[in-house]
Amino acid sequence: MKYPEFPDKSEYTAISEILQGQSENPVKIRGWIYRTRSSGKLAFIVVRDSTGIIQCTVSKERVDEEPFENARKALIESSVILEGEPVKDERAPGGWEIRVTNFEVFHFADTFPITKDQSDEHLMNNRHLWLRSRNMVAALRIRSTVFKAFRDYWTGLEFTEIQSPSFTTSACEGGSTLFNVSYDDENEKSGQRFYAHLSQSWQLYAEATMFGLENIFTLAPSFRAEKSRTRRHLTEFWHAEVESAWMHNHQMMELEEGMILNIISAVLSRNREDLELLGRDVSVLENIKAPFDKMKYEEVLDKLNSMGFDLSWGDDFGYKEEKALTQDLKSPIYITNFPREKGFYHRPDPNDPKSLVCHDLLAPEGYGEIIGGGERVWSPEELVERIREEGLDPESYGWYLDIRKFGSVPHSGFGLGIDRTVSWLCGSDHIKHVIPFPRTMRRTTP
RNA sequence: GCCGCUGUAGCUCAGUAGGUCAGAGCAUCCGGCUGUUAACCGGACGGUCAUCGGUUCGAAUCCGAUCAGCGGCGCCA
């Protein structure tokens, strides 16, 4: 097959420009067939590009026989190049249409497997094609803004972006959620040799890297083999993490608050149309106000118990509890001072040693936890003590303990679940709707 | 890990006191239509009823196992 030629981008007009009435006449557009209807002498071809959709009318009176027949028979998702006169017409969806004078089908699509009758499973099986849908495109644009806003915010504060390994043998979360990676080895009985776990968080590496750069952040996938079957869990999720030397928990919380506000205002200024397309009430995001409420774990216990729960010190908040706490909130809320069992790397509160100097940030409307963070144990003696307390072996934390021996300093950090954040901002009912290829315990394809 | 649910045409589904139960709409193909809004009208094509086994004269329908997927919980971001 001969390699097809096509004119340069500069010769085409974006559909959004036409819809805004800013285009030349005639215009040339290129895109994909979104919908198609035809009668004997007139064909309505709705074309989409990455900027919008517009109805194009192909009339037998204006074009030759062959282009007309091609327009009639081309199926949804065929790629097309066409030329015509943009006309304001109330009968067209979007208010504008193109009266076509030249219609070329660049590639005739096979029958597109996704039709108006859709099921979740079918869309997931055809995710590689569903990514063309307007909803996916809108969500991915918002996602891109969140990544950019996160990066801009911390870069603006002179934090340095760094990368940590995905292969690791250190576990910083529960061992039960570790993924194992092996490689083929004929000398092993099983035929495979264990190589490493997949990283659950950059944290241990961040604490090492921090001593040179002081203020650092990363954007990377984390992996957790939680057999979670919920609308909030992925096995591979994007983790935005920050670590900072000479930083206290409350200072970090203030910076995080600024970060969340920056992300929201970036999304509001760049993705208003995308939010509306997704059916998100924009005013909900506009009404988010700082400072966010702060409650101690103990206060949350009391509040929940007054709402009918029966919780005592040490109990975790499940989704039911988080939802009860956040479903009527307008802004996110911090919970601090969790019980010291929550994690060995968080620093116990000197004024209240049964709790930790740490925080979670819960998104409103029942979306739940999006940030977990806190001040780290910085003294080597206390760290060994805390590791033993958790029933772990300090020996297995060799290099992590080593970094505390050379000029250790107080420091804090946090991890933000990007996908959960985007899901919240989009008002999505499932986290899988805001990542191109979601990975769960039951799905790794496409 | 636990609880619950689903699997019938390419897609979405109906069909179970076991016996005209192999069905509809959409998609696709053929024909018709000059203003359609995931159009409309006529026709055609299309299914080992997830798989394997069992009960029965007879199973899409009842039973068991397996596979695949979905929802929720626990846990977490």
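Numbers restart at 1 for each chain; the letters A, B, ... are given by sequence-line order, proteins then strands.
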Open item on the list: Could you tell me how far A14(B) sits from G1(B) if I compare only their P atoms? Round to whole Å.
Closed with: 31 Å
Open item on the list: Can you identify which nucleotide, out of A77(B), C33(B), C75(B), has its nearest atom closest to the R232(A) side chain?
Closed with: C75(B)
- [ ] Scan S222(A) against the nucleic acid and name what it touches under 4.0 Å (heavy atoms): base, sugar-phosphate only, or nothing.
- [x] nothing
Task: Check: N271(A)/T145(A) side-chain N/O donor and acceptor closer than 3.5 Å - done: yes
Open item on the list: Within the 4.0 Å heavy-atom criterion, would you say R99(A) contacts the bases, only the backbone, or no part of the nucleic acid?
Closed with: base
Please write out each protein N/O paired with an N/O of nucleotides 1-4 of chain B under 3.5 Å, distance rounded to 0.1 Å.
from  : atom 1 : to      : atom 2 : distance (Å)
G1(B) : O6     : K227(A) : O      : 2.7

TODO: Classify the nucleic acid contact of T111(A) as base, sugar-phosphate or nothing, counting any heavy atom under 4.0 Å across all strands shown.
DONE: sugar-phosphate
Task: Nucleotide A27(B), atom C1' - distance to NZ of K73(A) in whole Å - done: 19 Å
Open item on the list: Can you say whether a donor on the side chain of H233(A) sits under 3.5 Å from an acceptor on the base of C76(B), or the other way round?
Closed with: yes
Task: Gap in Å between the two P atoms, one belonging to U66(B) and one to A60(B), rounded - done: 23 Å
- [ ] Using a 4.0 Å heavy-atom cut-off across all strands, classify I76(A) as base, sugar-phosphate, or nothing.
- [x] nothing
Open item on the list: Can you tell me the base-pairing partner of C73(B)? Count Watson-Crick or G-U wobble geometry only, both distances below 3.5 Å, and say none if there is no partner.
Closed with: G1(B)
Task: Under 3.5 Å side-chain donor-acceptor pair for H197(A) and N180(A) - done: yes
- [ ] For K342(A), report the nucleic acid contact type (base, sugar-phosphate, nothing); a contact means any heavy atom under 4.0 Å.
- [x] nothing
Open item on the list: Taking the minimum atom-to-atom distance to the side chain of R91(A), which one of C75(B), G35(B), C26(B) wins?
Closed with: G35(B)
TODO: Scan R443(A) against the nucleic acid and name what it touches under 4.0 Å (heavy atoms): base, sugar-phosphate only, or nothing.
DONE: sugar-phosphate
Task: For atom CZ of R72(A) and atom P of U36(B), their distance in whole Å - done: 17 Å
- [ ] Mind checking F112(A) for me? I need base, sugar-phosphate or nothing, with any heavy atom below 4.0 Å counting as a touch.
- [x] nothing
Task: Closest listed nucleotide, where the reference is the side chain of E121(A) and the choices are A68(B), U36(B), C76(B) - done: A68(B)
- [ ] Check the angle between the aromatic planes of H239(A) and F237(A) and answer parallel, tilted or perpendicular using the 30° and 60° thresholds.
- [x] tilted
Task: First of E322(A) and K41(A) reached from the 5' end of RNA chain B, by closest nucleotide - done: K41(A)
Open item on the list: Check the orientation of F150(A) and F217(A). Use parallel for under 30°, tilted for 30 to 60°, and perpendicular for over 60°.
Closed with: perpendicular
- [ ] Scan D360(A) against the nucleic acid and name what it touches under 4.0 Å (heavy atoms): base, sugar-phosphate only, or nothing.
- [x] nothing
Open item on the list: Of the options C26(B), C73(B), C70(B), whose atoms approach the side-chain atoms of K432(A) most closely?
Closed with: C70(B)
Task: With H122(A), the side chain to side chain donor-acceptor pair (under 3.5 Å) member among N126(A), N125(A), D120(A) - done: N126(A)
- [ ] Using a heavy-atom cut-off of under 4.0 Å over every strand shown, decide if A92(A) touches base, sugar-phosphate, or nothing.
- [x] base
Task: Integer-rounded Å distance: A38(B) P and I33(A) CD1 - done: 16 Å
Task: Under 3.5 Å donor-acceptor pair, E97(A) side-chain atoms to G35(B) base atoms - done: yes
TODO: For the pair Y195(A) and F167(A), name the ring-plane relationship: parallel under 30°, tilted 30 to 60°, perpendicular over 60°.
DONE: perpendicular
Task: Between C1' of C11(B) and NZ of K116(A), the distance in whole Å - done: 11 Å
TODO: Using atom CD of E321(A) as one end and atom C1' of C73(B) as the other, report the distance to the nearest whole Å.
DONE: 11 Å
Task: Watson-Crick/G-U partner (both atom distances under 3.5 Å) of U36(B) - done: none
Open item on the list: Within the 4.0 Å heavy-atom criterion, would you say G372(A) contacts the bases, only the backbone, or no part of the nucleic acid?
Closed with: sugar-phosphate
- [ ] Scan E236(A) against the nucleic acid and name what it touches under 4.0 Å (heavy atoms): base, sugar-phosphate only, or nothing.
- [x] nothing
Open item on the list: Can you confirm whether or not the ring centre of Y153(A) sits under 6.0 Å from the ring centre of F159(A)?
Closed with: no
Open item on the list: Are G35(B) and F44(A) stacked, with the base six-membered ring and the side-chain ring centres under 5.5 Å apart and planes under 30°?
Closed with: no
Open item on the list: My understanding is that a pair needs two contacts under 3.5 Å, Watson-Crick or G-U wobble. By that rule, which nucleotide pairs with C62(B)?
Closed with: G54(B)
Open item on the list: Of the listed nucleotides (C76(B), U34(B), A38(B)), which one gets closest to any side-chain atom of Q118(A)?
Closed with: A38(B)
- [ ] Nearest whole angstrom, please: distance from the P of G69(B) to the CZ of R127(A).
- [x] 15 Å
Open item on the list: Over 60° means perpendicular and under 30° means parallel, so tell me whether Y334(A) and H359(A) are parallel, tilted or perpendicular.
Closed with: perpendicular
Open item on the list: A cation-pi test, strictly: NZ or CZ of K323(A) under 6.0 Å from the centre of the six-membered ring of Y319(A) and no more than 45 degrees from its axis. Yes or no?
Closed with: no
Open item on the list: If you assign L42(A) and S119(A) each to the RNA chain B nucleotide with the nearest heavy atom, which residue ends up on the more 5' nucleotide?
Closed with: S119(A)
Task: Y397(A) ring center near F344(A) ring center (under 6.0 Å) - done: yes
Task: Opposite nucleotide pairing with C26(B), Watson-Crick or G-U, both atom distances under 3.5 Å - done: G10(B)
- [ ] Send over the distance from I114(A) CD1 to U28(B) P, rounded to a whole Å.
- [x] 14 Å
TODO: Name the nucleic acid region contacted by L234(A), choosing base, sugar-phosphate or nothing; use a 4.0 angstrom heavy-atom cut-off, strictly under.
DONE: base
Task: Sugar-phosphate, base or nothing in reach of I370(A), heavy atoms under 4.0 Å - done: sugar-phosphate
Task: Qualifying side chain to side chain donor-acceptor pair (under 3.5 Å) pairs with a residue from residues 87-100 of chain A, counting only residues at least two apart or across chains - done: Q55(A)-E97(A), D89(A)-R91(A), D89(A)-R99(A), E97(A)-R99(A)
Task: Selection from G35(B), C11(B), C73(B) that lies nearest to any side-chain heavy atom of K320(A) - done: C73(B)
- [ ] Rounded to the nearest angstrom, tell me the gap between atom CG in D117(A) and atom P in A9(B).
- [x] 13 Å
- [ ] Ignoring backbone atoms, test whether H430(A) places a side-chain nitrogen or oxygen under 4.0 Å from the OP1 or OP2 oxygen of G71(B).
- [x] yes
